[in-house]
Amino acid sequence: MEALSNQILVAVTFTFMAASVLYLCHWAFKSKVFGWAASGVTWAAFAVLTLAIILRWVASHQMGIGHAPFSNLFESLVFFAWTIAVIYLIIELVTWMRAIGAFTIPLAFLAMLYALSLDPAIKPLLPALKSNWLIAHVITCFLGYAGFAISAALGAMYLATGQAKDPASPRALVLDNLIYQTVVVGFILLTAGIVTGSIWANSAWGTYWSWDPKETWSLITWLVYASLLHSRFMRGWQGKRMAVFSLVGFGCVLFTYFGVNLLLSGLHSYATGKS
Amino acid sequence: MSQDQPRKPPLEKIWDFFASVKLSFFLLLLLAVLSIAGTLIPQKEGAAAYVRAYGEAGWRFISALGLQDLYHAPWFVLIMALLAANLVICSLNRLSLTLRILGKDPAQEAGAMRKAKDSFNLSGEPGTNLDRARRVLERLVGPSAQAKDQERTVLFAQRGGWSRFGVYVVHTSVLVIMAGALVGNFWGYAGFVNIPVGQSVDHMTLDNGQPRPLGFSVRLDKFDISYYPNGMPSEYRSEVTFIDGGKETQKSSLIVNDPAEYQGIDFYQSSYGNDLKAMEVDLVRDGKKQRLTLKARAINQLPGGAKAAIQGWRERVEMGAMYNGPVARILYQEAQGEPQAYTAFTPGVKMPQPGPIKFEIVKLQTEPYSGLQVKYDPGVWFIWVGCTMMVAGFFIAFYFSHRKVWLRLGPAGQGRTRVEIAGATNKNRLGLTRLLSRLAHELGGGPKKAE
Ligand code: HEM
């Protein structure tokens, strides 16, 4: 069953690639047909990805080491792709602006592609990782990251489609509002993620905050988005600056997610040695 | 503001400075940027590590700025204090405004209708439509007030006024969390205990190395490790008994992620290992062996006036094909002579050994111990209360808004009623627009809108 789940994940990756191409065609050629096809393919990819995650969960139980599939980088990337798809599809249902897919679904594809380059084996959990708070932590963090990913995609779209030239146009206002709304969703979930993470740390190590680089970077990300939310109350920060801000914020998210492990662990041996 | 009134008294200028969102925007970003430095420079290492990595001059720079413990450096704490002051003053500043908005008399508000967003005619005199209009308004929005505007009547209703407090809940939560951190810093302490199986301890070792009495004893009754089929550990479990005033008062079982609490002090499963009690060695001299038992952590008086102590030991050292087994450093001193250190291995090993004598390890007497993290933090409840407030406050601040709705009914001639609708909100204009068109629809005017 583990093998089956992994094969499905490969198929899902290519489906996301196909969806990305279709959304890009839809955006480039303004063609309804491509748009419908892109949505259909994305829904299919999402459904099958959900199935693969459930299969992986079941497989871990059959192996006698049952745990929710959110425990390592591979599983988190797969779940990240899933959360991006969920939030994007909700936005599509609400706004019917399919051009957004051209900027967001490629992110789901890239997350899956990265996952495929890693070892997919299901491994037993270390004692410190056995906690329901950890599951809540991973789910909230990644939904939050997906909110930020989509706000950054919207920010890129805002800049790439030249909305800054006419920031008072209805389309620019809708995009601006969507950037803000997705940041709000991301911010609430990131906050919940940091809180559940510190509850977990408190029960595992007796300290809710220890300023390790990963924690600190999540706080940096949080502070950047907190200042973005306050920039709304200062004149002149809507529109283009907001779009750029959402990209900077997502840069912090990416660094928190990947950069800390890849770049800082050389200096901080304890960054990886804790769990 | 300050351009309009250039002659403000200095105190008021300071107040305005601390009340501005610009300052908080700047402070939040500043904290973010400065925090990055603490993730690039390793924190809380020894001075030698910094000298090795950055050189003497680098280390002087780092220690002058406190970058080796950046998040507790006075200037970093000061910036956080500025943020707190910013929050308090900004909130006080706005609170009076918020209270004034919420305290407005609804009858007066009814008399101050905004610009109409929608209007339509209904059949029937205004007098006959008024009751129905009020019922619809009260059902969709809330309790209504009424005012006269010449021969027309204005109905006013509002809802969600309380949501204006959401932002204060969020901002207060930040202060509560900061207070929790301070309380923990001043009144809390943390350290560890290592308890050998079957024994008890009544002191802990604080993180700075100092001992601290617990005020009771903890006995480790049992320590267990369970394993997955592939050999990875799946659980560490310590069974402990708390003993207070000579009486067993509480038994607890603690595993990773599930600590035990006694008298407000928390114990966390954190490590385990083997502790050396004693070591049997052979002292080999001219091919003759003498069996000795050396106690750990003691100077052992040997027959003939010699002394020996175990300086260090490892249960297992792997040196490829050369050696794989226990190693000990033994300090040995003849009755008249200088102390000398020897490295001891198991017998039969081909290791170059200096001097006429050598030690061979025969047997290690070890006892397993469980390492528990110990923590007392009276501030932790502030943290959880603050976090809950913050998330709840977010939902209020982001997803609820204060909406005001006005309906004006007046004669339109020929026995008909002219209805005008106006609204105001502090955020989410889209939501207000939807509410107004639903109201228009239910009153029987305006196009049918999807909702
Ligand atoms: C870590 C600290 C802070 C957090 C987490 C925070 C959070 C928030 C949130 C969630 C909102 C609602 C935003 C919205 O409705 O779009 C808000 C609004 C606001 N914040 Fe903060 N804030 C912080 C610090 C500050 C500080 C230091 C000030 C001081 C000036 C401040 C001033 C304001 C103001 C004026 C508003 C607008 C209120 C309104 O009219 O809706 N905030 N803040």
Side-chain angles (χ1 to χ4, degrees), chain A residues 63-65 123-134 177 181 184-185 187-188 191-192 194-196 198-200 202-209 211-217 219-234 237 252 255 260 264 267-271, chain B residues 20-22 24-33 35-36 38-44 53 69-72 180-181 184 190 192 225-226 228-230 232-236 255-259 266-270 372-375 377 380 383-384 387-388 390-391 394-395 397-399 430:
Chain A
M63 292 161 72
I65 51 174
K123 297 198 186 79
L125 281 187
L126 293 170
L129 300 184
K130 288 186 187 173
S131 159
N132 288 334
W133 287 112
L134 182 62
N177 186 45
Q181 294 292 347
V184 165
V185 168
F187 191 66
I188 294 178
T191 308
I194 293 176
V195 172
T196 47
S198 42
I199 297 176
W200 167 52
N202 192 55
S203 67
W205 300 300
T207 164
Y208 55 84
W209 194 262
W211 293 106
D212 88 31
K214 193 116 180 162
E215 274 173 5
T216 307
W217 267 97
L219 180 69
I220 291 166
T221 306
W222 188 83
L223 289 167
V224 167
Y225 280 109
S227 58
L228 184 156
L229 290 175
H230 286 88
S231 76
R232 285 235 124 189
F233 299 106
M234 306 192 311
W237 277 81
C252 295
F255 197 85
V260 172
L264 296 184
L267 281 167
H268 301 259
S269 47
Y270 55 83
Chain B
S20 81
V21 188
K22 274 204 192 111
S24 55
F25 177 79
F26 170 75
L27 288 177
L28 290 169
L29 276 187
L30 184 68
L31 280 174
V33 170
S35 297
I36 296 175
T39 67
L40 299 176
I41 302 167
Q43 296 288 294
K44 294 189 174 180
D69 190 8
L70 188 150
Y71 307 107
H72 303 97
F192 66 92
I225 308 178
S226 46
Y228 290 110
N230 75 350
M232 259 174 68
S234 81
E235 192 171 278
Y236 308 109
I255 60 176
V256 180
N257 270 321
D258 191 7
D266 292 311
F267 293 80
Y268 301 80
Q269 181 66 55
S270 97
L372 308 182
Q373 200 81 29
V374 184
K375 187 201 66 175
D377 185 351
V380 79
I383 305 292
W384 304 145
C387 289
T388 311
M390 181 179 281
V391 175
F394 283 158
F395 279 98
F398 290 125
Y399 294 114
L430 196 64

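Every chain is numbered from 1, with letters handed out A, B, ... down the list of sequences.
Only the side chain of B/F398 comes within contact range of chain A, with heavy atoms under 4.5 Å apart. With a 4.5 Å cut-off on non-hydrogen atoms, B/D258 touches chain A through its backbone but not through its side chain. Heavy atoms of A/W133 lying under 4.5 Å from chain B are absent altogether. Residue contact with chain A, scored on non-hydrogen atoms closer than 4.5 Å, involves the side chain of B/I383 exclusively. In this structure, the portion of B/Y399 lying under 4.5 Å from any heavy atom of chain A is its side chain and not its backbone. For A/L134, no part sits under 4.5 Å from any heavy atom of chain B, backbone or side chain. The contact between A/N202 and chain B is made by backbone and side chain atoms together, counting heavy-atom distances below 4.5 Å. B/S35 touches chain A through backbone and side chain together, each having a heavy atom under 4.5 Å away. Heavy atoms closer than 4.5 Å to chain A are found in both the backbone and the side chain of B/A181.
Between B/F394 and A/F187, the ring planes are tilted. Angles from 30° to 60° get that label.
Heavy atoms only, all atoms of each residue included: A/S203 and B/P259 are closest at O-CD, 3.7 Å. Annotation for B/F25 and A/S231: closest pair CE1-CB, 3.6 Å, computed over non-hydrogen atoms. For the pair B/S24 and A/H230, the tightest heavy-atom approach, listed with the atom from each and the gap, is OG-CD2, 4.4 Å. Here the shortest heavy-atom pairing between A/S131 and B/N257 reads CB-ND2, 3.6 Å. Among all heavy-atom pairs drawn from B/M390 and A/W222, the shortest one is SD-CZ2, 3.8 Å.
Between B/L70 and A/W211, the closest side-chain pair of non-hydrogen atoms is not below 4.5 Å. Counting heavy atoms from C-beta on, the side chains of A/S198 and B/W384 come closer than 4.5 Å.
Top candidate by heavy-atom pairs under 4.5 Å with chain B, chosen from A/L229, A/L228, A/T191, is A/T191. When the candidates B/S270, B/C387, B/S234 are compared by the number of heavy-atom contacts under 4.5 Å with chain A, B/S234 comes out ahead. Contact count against chain A (heavy-atom pairs under 4.5 Å) is highest for B/Y236 among B/F267, B/Y236, B/F395.
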Go through it in stages, so that I can follow the logic: the residues are B/T39 and A/V260, the test is side chain to side chain contact (heavy atoms under 4.5 Å, CB included), and I'd like the CA-CA distance, side-chain angles, deciding distance and then a yes or no. CA-CA 9 Å; B/T39 67; A/V260 172; over 6 Å; no
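Separating the CG atom in B/L27 from the CG atom in A/L223 is a distance of 10.5 Å, to the nearest 0.5 Å.
More than 12 heavy atoms of other residues, nucleotides or ligands lie within 6.0 Å of OH in B/Y228, so this atom counts as buried by the packing criterion.
Paired with A/I220 under the rule side-chain contact (heavy atoms from CB on, under 4.5 Å), one option of B/L29, B/V33, B/I36 passes, and it is B/I36.
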